[in-house]
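Notes to accompany the following structure.
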2 protein chains.
Amino acid sequence: MTSGRSSRGGAPTTEGVSRTASAKAPERGIPEATVARLPVYLRALITLSDREIATCSSEELAAAAGVNSAKLRKDLSYLGSYGTRGVGYDVEYLRYQIAREIGVTQDWPVVIVGIGNLGHALANYSGFSSRGFRIVALLDSDPARHGEPLGDRFIRDFADLETIVREHDVAIGVIATPAHAAQDVCDRLVACGVTSILNFAPSVLSVPEGVDVRKVDLSIELQILAYHEQRKSAAYDADALTEPEIAAAVVESA
Amino acid sequence: MTSGRSSRGGAPTTEGVSRTASAKAPERGIPEATVARLPVYLRALITLSDREIATCSSEELAAAAGVNSAKLRKDLSYLGSYGTRGVGYDVEYLRYQIAREIGVTQDWPVVIVGIGNLGHALANYSGFSSRGFRIVALLDSDPARHGEPLGDRFIRDFADLETIVREHDVAIGVIATPAHAAQDVCDRLVACGVTSILNFAPSVLSVPEGVDVRKVDLSIELQILAYHEQRKSAAYDADALTEPEIAAAVVESA
DNA sequence: TAGATTGTTAATCGATTAACAATC
DNA sequence: TAGATTGTTAATCGATTAACAATC
């Protein structure tokens, strides 16, 4: 079955057609690296907005976002020309434009599957709701957990998935189950019409064409840090030394 | 002050010196993209190992890791030649070599700061301890939480940070506080000698040269999914159409 | 030897960055 | 007009990938 996703799409408009067909830059195909930074810029703009800063330069916004300003300007140029030369960017205007581009000006119903420790943390995470993500169900296959209150919802049976997805037109699912259950849960989500999955389980999911999976793996992040940490600690290991350092080390150990 | 990190480094050895100085490939400077995938390969190898599979081809391992096999072989080539042409890789041997390269054959004492929902989840996460990460302290600045048992530890005062870091020679810290506290916590960690930080707070941290920060941001991952989801839903939006699709849409709406 | 599979090459692709012309 | 800052260009850098020679 397919989900009711079509309700999100608009009908083709003449403006749209002429814009796409025009000789002007197509505004399409934003690079993945840029897409991944747009939410970072959005967050930085929200911070500036909260401080009631009306205008900022690319230099200031880049600093707030933790990137270099050339990269920021290049990224923004894929969206359009939303700045004013000699002046900078209007914080509210740019904030809206980026939010619209990402899609967080609309409402995204989300289901979370697997309500262990991590699922609890996700259910209580305020960063979701503040960005258009609305948790419509917390699902777990363990009957002992059904009915348990969590945030402003109750934990429900994973068997209710299809009903819930259809009822709320859910496009995004979050998997926070143990690794061994993740692929099954994923298959069920996909079968119900969910086409975007955020996977916290430490397993590789296989999905059909057209379904996006993003993975967050806590232990992998820590291992990447360990790799670099090991090399810092190894500053006195000869393996890691540059020629002059070797000379110094050899003298030292003599 | 500096931490006691030096205890981790070995003394320079003649083998080490000659290896570095030799004409052979330096084995150094593994690309970041490769480093980020090594833990993924390690996990895949552990899975194969658990299934008592002794040998695998690059094709098989790549499938288990969710990457293409050319990329896998290229990545492994930075570590050395651990495979056998015509045969494949010995699972246990490659597993050990990758673990050693990442640094997870050693013990990494870790502190977690900020024991809210997420901190609880992290404290209970089994994926850490199974990869050499040992949680030596759970710290929170809220006195009401001090002494609360969690996993096999008790929540302690953040003020004890320096003592703990020195005592256990902690190099890695995890920040799971609210955004407004993150930079302060980060500064304190750095001041104690922590040189690797995993940041779950939604804020940009500034750290001195030599300190690594990695960021995990749940809401950003979800926003990236939303961006792509929006474009899927917009399949009937003229903006997103290619030339032939525009023609079709125009006909359809006529 | 024949078949299989690695390790490496080289071409391609995408991302980053500095520099600066355009323009407020 | 002079100063500031964007948006864009072009050069550089790094990552990916297919293809295949090396070799088990």
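Convention: sequence-line order gives letters A, B, ...; per-chain numbering from 1.
Residue contacts shown for Ala33(A) are limited to sugar-phosphate atoms, with no base heavy atom under 4.0 Å away. Nucleic acid contact for Glu32(B): sugar-phosphate only, since backbone atoms but no base atoms lie under 4.0 Å from a heavy atom of the residue.
Counting only residues at least two apart or on different chains, no salt bridge (charged side-chain N to carboxylate O under 4.0 Å, His left out) pair has a member in residues 78-91 of chain A.
Judged as a side chain to side chain contact (heavy atoms under 4.5 Å, CB included), and not counting sequence neighbours, the contacts of Ala33(A) are Arg37(A). Among residues two or more places apart in sequence or in another chain, the ring pair (Phe, Tyr, Trp, His ring centres under 6.0 Å) test is passed with Tyr96(A) by none. Partners of Arg131(A) according to the side chain to side chain donor-acceptor pair (under 3.5 Å) rule, which considers only residues two or more places apart in sequence or in another chain, do not exist here. Residues passing the side chain to side chain contact (heavy atoms under 4.5 Å, CB included) test with Pro31(A) are Thr34(A), Tyr78(A), sequence neighbours excluded. Residues that satisfy the side chain to side chain contact (heavy atoms under 4.5 Å, CB included) test with Asn68(A), not counting sequence neighbours, are Ala70(A), Lys71(A). A search for side chain to side chain contact (heavy atoms under 4.5 Å, CB included) contacts involving Arg188(A) returns Phe158(A), Leu161(A), not counting sequence neighbours. Not counting sequence neighbours, Glu60(B) has no partner by the salt bridge (charged side-chain N to carboxylate O under 4.0 Å, His left out) test.
With a heavy-atom cut-off of 4.0 Å to chain A, the contacted part of DNA chain D has its first and last nucleotide at dA4(D) to dT9(D).
Against DNA chain D, the stretch residues 38-56 of chain A makes no heavy-atom approach under 4.0 Å.
Nearest-nucleotide positions on DNA chain C for Thr84(A) and Arg73(A) put Arg73(A) closer to the 5' end.
Separation of the Tyr82(A) and Tyr89(A) ring centroids does not fall under the 6.0 Å cut-off.
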Which donor-acceptor pairs under 3.5 Å do side chains of residues 197-211 of chain B form with protein atoms, sequence neighbours excluded?
residue	atom	partner	partner atom	Å
Asn199(B)	OD1	Ala201(B)	N	2.9
Asn199(B)	ND2	Ala201(B)	O	3.2
Asn199(B)	ND2	Ser203(B)	O	3.1

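Secondary structure note: stems in DNA chain D built from 3 or more consecutive Watson-Crick or G-U wobble pairs under 3.5 Å occupy C:3-24 with D:3-24.
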